[in-house]
Participant: 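Pasting a structure here, questions to come.
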Amino acid sequence: EADLYKSACKLIDSAKYKEAIVIFKKAIKLKPDYYEAYNKMALAKLKSQDYKGAEKDLQAALKILPDNFESQKTMGILYYETKKFKEAKATLDSAAALNSDDAELFYYQAKLMYDGKAYKNALDACSRAIELKPKYLDVMFLKGEVRFAMKDYNYCIKEISEAIKLMPAENPNYNAYKTRAKARFGMGDYKNAVNDWNVYIESFPEEETAWVARGACKIETGDYSGSISDLDAAIKLNPKNPVSYNYRGVAKGENKQFVEALKDLDYSIKLKYDYAAAFVNRAAIKFASKDKRGACDDLNKADSLGDEMAIKLIETYCKH
């Protein structure tokens, strides 16, 4: 049974989960109280998204040895992956009482803290995981996500850039490029944000929001035609997103295509009647088209919707 266990574990390492499960079952048939085999078989089922099967195996392992760290940790991970967050926290806390020196345990605790918006605690848990396992890529990426949520864009970019350098070329984490792109946009580094979106969109061309985000970046770099092209692609994927029409209206306005810009902004507002930013942007196009009254009406509407920029523009352009 020991030889069977070892060969099955090697199959897990090679992501051959179904083959591993077959061999673990043979090992357990030879040794019915083989809780380690139940644990690893549960892990293989967890990786295969057979959550009910994994839970059954973990319960069997815990019945054999209740104070079993691996069973409790894997059960906590299972609960997390199946979105039973309350149970996940309780089980991971129980596992931590048995072993407080496991990097993966801290990683999942950090994920729970991040989901619960306890960002400082999540960073502490990530730091503890990296102390135990330096260059733990999943943790490094998670730290970047936490930093982004805290709007700490400088550190977000730093954390994710370090992780991207270390990640294997054959298995890239494209979400890292997505998060870094958004952080770079927040920092005003629009050119590099476009570069990150290029990498992401090449692998996920069906993700509408990525086209919108890159289109917004290109407006800031002055690539208005490129922005329009990206927003055309976004609108093709989702013709009912007011944000796409808003940005495309801005890009067309910068390209002096005022009639077409107004059409886009009109439609953006039709889709979202309380879209303050679209009213401000439409006002800019109306000013450029010498329609001061229409522009000021739009700014007053934006002001009534709580747009902070609108009142400043009203004071400057509509009070005389």
Side-chain angles (χ1 to χ4, degrees), residues 1-118 121-122 125-126 129 132-133 136-139 141-142 145-146 171 173-175 204 206-207:
E1 70 271 15
D3 290 338
L4 288 168
Y5 177 82
K6 287 178 184 176
S7 63
C9 288
K10 287 180 180 178
L11 288 169
I12 287 181
D13 292 339
S14 301
K16 296 177 179 178
Y17 304 123
K18 288 183 180 179
E19 295 94 324
I21 290 165
V22 171
I23 296 175
F24 282 129
K25 284 179 179 177
K26 290 179 180 178
I28 291 165
K29 192 172 182 180
L30 291 172
K31 184 181 178 182
D33 64 346
Y34 204 168
Y35 70 89
E36 296 97 334
Y38 274 114
N39 282 336
K40 289 294 185 180
M41 186 161 68
L43 179 61
K45 289 180 180 178
L46 177 61
K47 297 284 188 182
S48 306
Q49 297 185 340
D50 176 9
Y51 299 126
K52 287 184 179 179
E55 187 170 6
K56 185 179 177 182
D57 290 340
L58 291 168
Q59 287 169 346
L62 288 165
K63 190 174 181 180
I64 296 164
L65 187 66
D67 289 335
N68 175 355
F69 169 73
E70 284 298 328
S71 297
Q72 294 207 22
K73 180 185 80 169
T74 308
M75 187 74 88
I77 294 170
L78 171 66
Y79 285 141
Y80 179 84
E81 296 296 343
T82 53
K83 303 190 185 305
K84 297 178 181 177
F85 299 126
K86 186 177 179 181
E87 293 91 336
K89 183 182 185 307
T91 310
L92 290 171
D93 287 348
S94 295
L98 297 170
N99 180 2
S100 60
D101 289 323
D102 186 270
E104 188 178 33
L105 175 70
F106 280 109
Y107 169 60
Y108 274 93
Q109 287 183 319
K111 282 167 77 76
L112 276 170
M113 293 165 184
Y114 169 62
D115 291 341
K117 299 185 179 180
N121 291 337
C126 285
L132 294 165
K133 184 181 175 181
Y136 191 163
L137 285 179
D138 286 341
V139 177
F141 290 131
L142 179 58
E145 295 283 353
V146 175
N171 187 27
N173 182 337
Y174 290 106
N175 280 326
F204 298 97
E206 298 303 311
E207 189 169 320

Participant: More than 12 non-hydrogen atoms from neighbouring residues, nucleotides or ligands closer than 6.0 Å to NZ on K31, yes or no?
Facilitator: yes
Participant: Would you give the length of the straight line joining atom CG of N68 to atom CG of N39, rounded to the nearest 0.5 angstrom?
Facilitator: 4.5 Å
Participant: What do the steps show when you test M41 against I28 for side chain to side chain contact (heavy atoms under 4.5 Å, CB included), and what is the final call?
Facilitator: CA-CA 10 Å; M41 186 161 68; I28 291 165; 3.7 Å; yes
Participant: For the residue pair L98 and D67, what are the closest heavy atoms and their distance?
Facilitator: CD1-C, 4.0 Å
Participant: Should F141 and N175 count as side-chain neighbours, where that means a heavy-atom distance under 4.5 Å?
Facilitator: no
Participant: Return the minimal non-hydrogen interatomic distance between Y114 and A122, and the atom names on each side.
Facilitator: N-CB, 3.9 Å
Participant: Test side chain to side chain contact (heavy atoms under 4.5 Å, CB included) on I23 and L11; report intermediate values, then the result.
Facilitator: CA-CA 9 Å; I23 296 175; L11 288 169; 3.5 Å; yes
Participant: Using atom types as modelled and distance alone, determine if a side-chain donor or acceptor of T91 lies under 3.5 Å from a backbone N or O of A88.
Facilitator: no
Participant: Looking only at heavy atoms, which two atoms of P32 and I64 are closest? And how far apart?
Facilitator: O-CD1, 3.9 Å
Participant: Would you say Y79 and K89 make side-chain contact, with heavy atoms under 4.5 Å?
Facilitator: no
Participant: What's the spacing between D102 CG and K73 NZ if we round to 0.5 Å?
Facilitator: 4.0 Å
Participant: State, with a plain yes or no, whether a side-chain heavy atom of D101 is found less than 4.5 Å away from one of L132.
Facilitator: yes
Participant: Between atom CD of E70 and atom CG of L58, what is the distance when rounded to the nearest 0.5 Å?
Facilitator: 10.0 Å
Participant: List the residues meeting ring pair (Phe, Tyr, Trp, His ring centres under 6.0 Å) with Y174, not counting sequence neighbours, and say none if there are none.
Facilitator: F204
Participant: Report yes or no: does S94 contribute a side-chain atom to a donor-acceptor pair with the main-chain N or O of A90 at less than 3.5 Å?
Facilitator: yes
Participant: Roughly how far apart are Y136 OH and L142 CG, rounded to 0.5 Å?
Facilitator: 10.0 Å
Participant: Does any non-hydrogen side-chain atom of F24 lie less than 4.5 Å from one of I12?
Facilitator: yes
Participant: Do D115 and Y80 have side-chain N/O donor and acceptor atoms under 3.5 Å apart?
Facilitator: yes
Participant: In this structure, are over 12 heavy atoms from other groups packed under 6.0 Å from K40 atom NZ?
Facilitator: no
Participant: Evaluate the side chain to side chain contact (heavy atoms under 4.5 Å, CB included) criterion for residues I77 and E81: first the C-alpha distance (whole Å), next the side-chain angles of each, then the deciding distance (0.1 Å), finally the verdict.
Facilitator: CA-CA 6 Å; I77 294 170; E81 296 296 343; 4.2 Å; yes
Participant: So which atom in Q72 and which in P66 form the shortest heavy-atom distance, rounded to 0.1 Å?
Facilitator: NE2-O, 3.3 Å
Participant: For residues L62 and M75, determine if any side-chain heavy atom of one lies less than 4.5 Å from a side-chain heavy atom of the other.
Facilitator: yes
Participant: Say whether, by atom type as modelled, one donor and one acceptor occur between the side chain of T74 and the main chain of S71 under 3.5 angstrom.
Facilitator: no
Participant: If I take atom NZ from residue K16 and atom OG from residue S48, how far apart are they, to the nearest 0.5 angstrom?
Facilitator: 14.0 Å
Participant: Counting only heavy atoms not in D13, do more than 12 sit closer than 6.0 Å to its CG atom?
Facilitator: yes
Participant: Check the pair K29, K25 against side chain to side chain contact (heavy atoms under 4.5 Å, CB included), reporting the backbone distance first and the verdict last.
Facilitator: CA-CA 6 Å; K29 192 172 182 180; K25 284 179 179 177; over 6 Å; no
Participant: CG of L43 to CG of D57: how many Å apart, nearest 0.5 Å?
Facilitator: 11.0 Å
Participant: Is there a side-chain contact between Y17 and D50, using heavy atoms and a 4.5 Å cut-off?
Facilitator: no
